[in-house]
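Since the structure comes first, as structure tokens, the remarks are kept for the end.
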Amino acid sequence: MKVRQAVVMVGGLGTRLRPLTESCPKPALPVAGRPCLWYLLRSMARAGIEEIILACGYRSAMMREALGDGSDLGVRICYSYEDEPRGTGGALKLLEKELDPVFVAANGDVYADIDVSAEVERHFSSGADITVALTEVPNPWEFGVARISDEGFISEFREGMKPEEVYSNLINAGVYVVDKRVMESVPEGVFYDFSKHLFPEIIARSGKIAGYPLSGTWMDVGRPSDYVKANLHVAGAEPRVLGKVSGSEISGPFYLAEGSEACDSKLDSVSVMPNVSIKRASIRRAVVLDGSVIEGATVEDSIVGRGCRIMEGAKVVNSVLADGDVVGPGETRDDGRDV
């Protein structure tokens, strides 16, 4: 069976990625030239989803500017707006009248290139109220941890655990197939979260929450190091050199957007967005956003915001530069961040 409709929640503030998210919502931040959310939307389009509703909050106009109407993916993107965060269930409750009997729902603050169609198949074959995509991570205590029965249903789900309390490395990846009838349990006009509120209620009344181990790539992009990792993953899996490279040594995953140039430089594991000028520079494990200029400088383990200037003899390490930052000749910038 086929699911036609999806809702993606994109209202978060992305506070751990500041200062990048002070000017751009996290789902719209570029990952190897495309908005981070685009990869999840592509996964949905590949599964036959025809309509995707984006439930927007923070800087919603930028979401529309970044993702458009979905025609490039062969889907129709609609935009819905909430005046305050309402959680997964609360955001969906606002849209209840527009929802199909069965739909896909997802949190849009991750990088996900996954097989959504297989999760849909799992949902219909299991007869579940909700099917939850699960993925293994090395730090499950930072997420919601699921306990799975022998039949593949979630028997327990907990958040806010200590490392020594963790009973599984399977976490909620935030992609769901939902039977609309569960929305009857979601109250109107309040914050209501799937994992904190709805899942325990369904389990308590012996309902069915099916688990689906994800097929594909899923990454949290909440921290600067995660954001760099996602960029380098795509740069390695889908390498594209659209700009100009001359007299430069390239190694590791590499993406260079159209309109950018890298001249007489050494670049190791770098993702460069449009209209960036790199000359006589050494850059390692970094993301450089639109319109920045790096000349005769060193950048390592860092993210360079839009329109930055890093000048002759400067060194930037372990830092996230805000849009428009300038690092002058011979200066060193080290914010001590885990990038």
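Model, not experiment: these values are computed from the prediction. Reckoned from all heavy atoms, side chains included, excluding hydrogens, waters and symmetry mates.
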Original post:
Hey, does I114 have a side-chain heavy atom less than 4.5 Å from the side chain of V116?
Top reply: yes
Original post:
Are V327 and V276 in one and the same hydrophobic cluster, where Ile, Leu, Val, Met, Phe, Trp and Tyr link if side-chain heavy atoms are under 4.5 Å apart?
Top reply: yes
Original post:
Between atom OG of S292 and atom CD1 of I278, what is the distance when rounded to the nearest 0.5 Å?
Top reply: 9.0 Å
Subject >> side-chain contact (heavy atoms from CB on, under 4.5 Å) assessment of L256 paired with V245 >> reply: CA-CA 9 Å; L256 185 73; V245 178; 3.6 Å; yes
Original post:
For R309, does the CZ atom sit with more than 12 other heavy atoms under 6.0 Å from it, leaving out its own atoms?
Top reply: no
Original post:
Does the side chain of Q5 reach to within under 4.5 Å of the side chain of I53, using non-hydrogen atoms?
Top reply: yes
Original post:
Can you name the nearest heavy-atom pair linking L67 to L37, along with the distance?
Top reply: CD1-CD2, 3.5 Å
Original post:
Under a 4.5 Å side-chain heavy-atom rule over Ile, Leu, Val, Met, Phe, Trp and Tyr, are V228 and M273 clustered together?
Top reply: yes
Original post:
Would V3 and V8 show up in the same hydrophobic cluster when neighbours are defined by side-chain heavy atoms closer than 4.5 Å?
Top reply: yes
Original post:
Is a side-chain N or O of S80 found less than 3.5 angstrom from the main chain of L54, in a donor-acceptor match?
Top reply: no
**OP:** With D129 as reference, evaluate K208, R181, H123 under the side chain to side chain donor-acceptor pair (under 3.5 Å) test and give the passing residue.
**Re:** R181
Subject >> For A6 against M44, the heavy-atom pair lying closest together >> reply: CB-SD, 3.7 Å
**OP:** Would you check if the side chain of S149 reaches a backbone N or O of S155 as a donor-acceptor pair within less than 3.5 Å?
**Re:** no
**OP:** I would like to know whether L321 and R333 meet side-chain contact (heavy atoms from CB on, under 4.5 Å); could you show each step before the answer?
**Re:** CA-CA 9 Å; L321 303 189; R333 171 78 175 265; 3.2 Å; yes
Subject >> Under 3.5 Å: donor-acceptor pair, side chain of T131, backbone of Y176 >> reply: no
Subject >> Shared hydrophobic cluster for V317 and L289 (ILVMFWY, side-chain gaps under 4.5 Å) >> reply: no
**OP:** Following the transitive rule for hydrophobic clusters with a side-chain heavy-atom cut-off under 4.5 Å over Ile, Leu, Val, Met, Phe, Trp and Tyr, establish whether I294 and M311 coincide in one cluster.
**Re:** no
**OP:** Report the residues that fulfil side chain to side chain contact (heavy atoms under 4.5 Å, CB included) with D72, sequence neighbours left out, ordered by chain and then residue number.
**Re:** W38
Original post:
Stepwise, does the side-chain contact (heavy atoms from CB on, under 4.5 Å) test hold for L134 with I154?
Top reply: CA-CA 10 Å; L134 304 172; I154 296 176; 4.3 Å; yes
Subject >> Any donor-acceptor N/O pair, D325 side chain to C308 backbone, under 3.5 Å >> reply: no
Subject >> N/O donor-acceptor pair under 3.5 Å between S260 side chain and N275 backbone >> reply: yes
Subject >> Identified ring-ring contact (aromatic ring centres under 6.0 Å, His included) counterpart of H233 within the set Y111, Y39, Y255 >> reply: Y111
Subject >> Within 6.0 Å of CD in E96, more than 12 heavy atoms from elsewhere >> reply: yes
**OP:** Could you check if a side-chain atom of V234 sits within less than 4.5 angstrom of a side-chain atom of R34, using non-hydrogen atoms only?
**Re:** no
Original post:
When you look at CZ of R76, are more than 12 heavy atoms from neighbouring residues, nucleotides or ligands closer to it than 6.0 Å?
Top reply: no
**OP:** Flag the pair C36 / P27 as yes when at least one side-chain heavy-atom distance between them is below 4.5 Å, and no otherwise.
**Re:** no
**OP:** Check for a donor-acceptor pair, side chain of S302 on one end and backbone N or O of S319 on the other, with a separation under 3.5 Å.
**Re:** yes
**OP:** Might you point out which heavy atoms bring M9 and L92 nearest each other, and give the distance in Å?
**Re:** SD-CD2, 4.2 Å
**OP:** Supply the atom-to-atom distance N139 CG to I171 CD1, rounded to the nearest 0.5 angstrom.
**Re:** 8.0 Å
Original post:
How many angstroms lie between CD in E136 and CG in L214, if you round to the nearest 0.5 Å?
Top reply: 10.5 Å
Subject >> Atom of A262, atom of L267 and distance for their closest heavy-atom approach >> reply: CB-CD1, 3.6 Å
Original post:
So, N231 side chain and A32 main chain: donor-acceptor pair closer than 3.5 Å or not?
Top reply: yes
Original post:
Is atom NZ of K180 surrounded by more than 12 heavy atoms (other residues, nucleotides or ligands) closer than 6.0 Å?
Top reply: yes
**OP:** For the pair F199 and F194, name the ring-plane relationship: parallel under 30°, tilted 30 to 60°, perpendicular over 60°.
**Re:** tilted
Original post:
Just wondering, do V178 and V7 contact through their side chains at under 4.5 Å, heavy atoms?
Top reply: no
Original post:
Which pair of heavy atoms, one from G328 and one from A314, lies closest together, and at what distance?
Top reply: O-CB, 3.4 Å
Subject >> Side chain to side chain, E312 and R280, heavy atoms closer than 4.5 Å >> reply: yes
Original post:
Is D100 salt-bridged to K2, cutoff N-O under 4.0 Å?
Top reply: no
**OP:** Grab the two heavy atoms, one from L232 and one from S271, that are nearest each other, plus how far apart they are.
**Re:** CD2-N, 4.4 Å
Subject >> Backbone of L41 reached by a side-chain donor or acceptor of S43 within 3.5 Å >> reply: no
**OP:** Find the distance between CD1 (I283) and CZ (F254) and round it off to the nearest 0.5 Å.
**Re:** 8.5 Å
**OP:** Would you give the length of the straight line joining atom NZ of K279 to atom OG of S248, rounded to the nearest 0.5 angstrom?
**Re:** 11.5 Å
**OP:** Starting at OG of S225, measure out to CD1 of I303 and round the result to the nearest 0.5 Å.
**Re:** 8.5 Å
Subject >> Side-chain donor or acceptor of S185 paired with backbone N/O of M183 under 3.5 Å >> reply: no
Subject >> Side-chain touch T298/R284, heavy atoms, less than 4.5 angstrom >> reply: no
Subject >> Derivation and outcome, side-chain contact (heavy atoms from CB on, under 4.5 Å), residues F124 and V102 >> reply: CA-CA 10 Å; F124 285 117; V102 178; 4.0 Å; yes
**OP:** Flag the pair F153 / S126 as yes when at least one side-chain heavy-atom distance between them is below 4.5 Å, and no otherwise.
**Re:** yes
Original post:
Counting distance only, does the side-chain N/O of W218 pair as donor-acceptor with the main-chain N or O of A173 below 3.5 Å?
Top reply: yes
Subject >> Short side-chain donor-acceptor distance under 3.5 Å, D115 and S215 >> reply: no
